[in-house]
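Presented below is the structure to which this report refers.
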Amino acid sequence: METLYDKLGDLLSEALSAGRVPPVKKPGPEIPRAEHAENGQSSGKESFSSAGGSSDSSRVQADSPHTESGSRTTERRSRRRKEKAKAASAVFRPVSPQLERAYRLLGIPPDADAEAVKKAYKSRIRYFHPDKYQGNAVLQKVATDKTRQVVEAYELIQRERF
């Protein structure tokens, strides 16, 4: 027995093959055509103004490499690509569950450097220091336990990584 989705898929395939429904491209970064921008011609896609929605074919698209904002966009894209490549090429070091828990307690990633670890340690100690909760015995006990855990986590990270 055919399901509703099977029937819809068949109908869509028939409509696409018959040309009744134009195929839709996946949205992605638009690559401007340099030859159209140089000749002053508009590419197939018109830019629309936000006020009336009418097209203005004399304007060069914002993504064009000939405009200042287009070059900034290109720079951002290349910077993102470099960052992704750097992250992908990073050396993977296995982390034990105890060490992972210690990093999570300090709120830092496992690839953090010594300065970031020290900064996170100091901020957590300040946040959980028991002297802040002298008026409430329950909170003071909890803060004491958390402070002990933070100190142990910091010492473990120092022993294992640095």
Side-chain angles (χ1 to χ4, degrees), residues 3-6 8-9 12 16 22-38 43-51 53 56 59-162:
T3 64
L4 179 64
Y5 295 111
D6 294 332
L8 284 174
L12 181 60
L16 284 171
V24 178
K25 286 180 156 180
K26 280 186 159 180
E30 188 172 317
I31 301 171
R33 295 185 180 173
E35 65 271 3
H36 290 296
E38 290 171 0
S43 64
K45 297 185 179 180
E46 306 274 332
S47 60
F48 292 90
S49 67
S50 60
D56 182 10
R59 285 182 28 194
V60 178
Q61 293 179 354
D63 287 6
S64 173
H66 303 292
T67 63
E68 188 177 328
S69 63
S71 65
R72 278 192 233 134
T73 305
T74 306
E75 289 171 10
R76 271 189 247 128
R77 286 181 187 152
S78 65
R79 193 177 330 121
R80 282 188 209 133
R81 270 191 236 114
K82 288 177 185 175
E83 289 171 0
K84 285 182 181 179
K86 184 179 176 184
S89 68
V91 177
F92 175 74
R93 298 189 306 190
V95 178
S96 67
Q98 295 85 5
L99 200 57
E100 184 179 345
R101 190 169 49 246
Y103 278 113
R104 197 173 40 236
L105 182 65
L106 292 178
I108 53 176
D111 61 343
D113 60 342
E115 186 177 319
V117 172
K118 187 174 184 178
K119 184 177 178 181
Y121 166 72
K122 286 183 177 185
S123 70
R124 291 292 182 169
I125 285 293
R126 244 179 294 155
Y127 184 79
F128 290 120
H129 201 280
D131 291 347
K132 288 174 62 176
Y133 306 102
Q134 285 183 349
N136 191 337
V138 174
L139 287 179
Q140 190 173 16
K141 184 176 183 334
V142 170
T144 304
D145 290 341
K146 275 294 202 186
T147 302
R148 182 185 48 77
Q149 290 173 3
V150 168
V151 169
E152 288 175 359
Y154 179 69
E155 289 173 353
L156 178 67
I157 291 172
Q158 290 297 318
R159 241 188 349 257
E160 295 287 326
R161 291 293 178 176
F162 305 111

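In this chain, numbering begins with 1 at the start of the sequence shown. Everything quoted here is computed from the prediction, not taken from an experiment.
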Tell me, with the steps shown, if Val95 and Arg161 meet side-chain contact (heavy atoms from CB on, under 4.5 Å).
CA-CA 10 Å; Val95 178; Arg161 291 293 178 176; 3.2 Å; yes
Atom pairs and distances, side-chain donor-acceptor, residues 115-131, under 3.5 Å, sequence neighbours left out:
| residue | atom | partner | partner atom | Å |
| --- | --- | --- | --- | --- |
| Ser123 | OG | Ala120 | O | 2.9 |
| His129 | ND1 | Asp131 | N | 3.2 |

For the atom pair CZ (Arg77) and CZ (Arg72), what is the distance rounded to the nearest 0.5 Å?
14.0 Å
What pair of heavy atoms forms the shortest contact from Tyr133 to Ala143, and how long is it?
CD1-CB, 3.6 Å
Tell me the salt bridge (Lys or Arg N to Asp or Glu O under 4.0 Å) pairs involving residues 97-108, sequence neighbours left out?
Glu100-Arg104
Would you give the length of the straight line joining atom CG of Leu106 to atom CD1 of Ile157, rounded to the nearest 0.5 angstrom?
4.5 Å
Taking only residues two or more places apart in sequence, or in another chain, which ones meet Pro97 in a side chain to side chain contact (heavy atoms under 4.5 Å, CB included)?
none
Atom pair CG/CD of Asp145 and Gln140 - distance to nearest 0.5 Å:
11.0 Å
Determine, step by step, whether Arg148 and Glu152 satisfy the salt bridge (Lys or Arg N to Asp or Glu O under 4.0 Å) criterion, reporting the C-alpha distance in whole Å, the side-chain angles of both residues, the deciding distance to 0.1 Å, and the verdict.
CA-CA 6 Å; Arg148 182 185 48 77; Glu152 288 175 359; 3.4 Å; yes
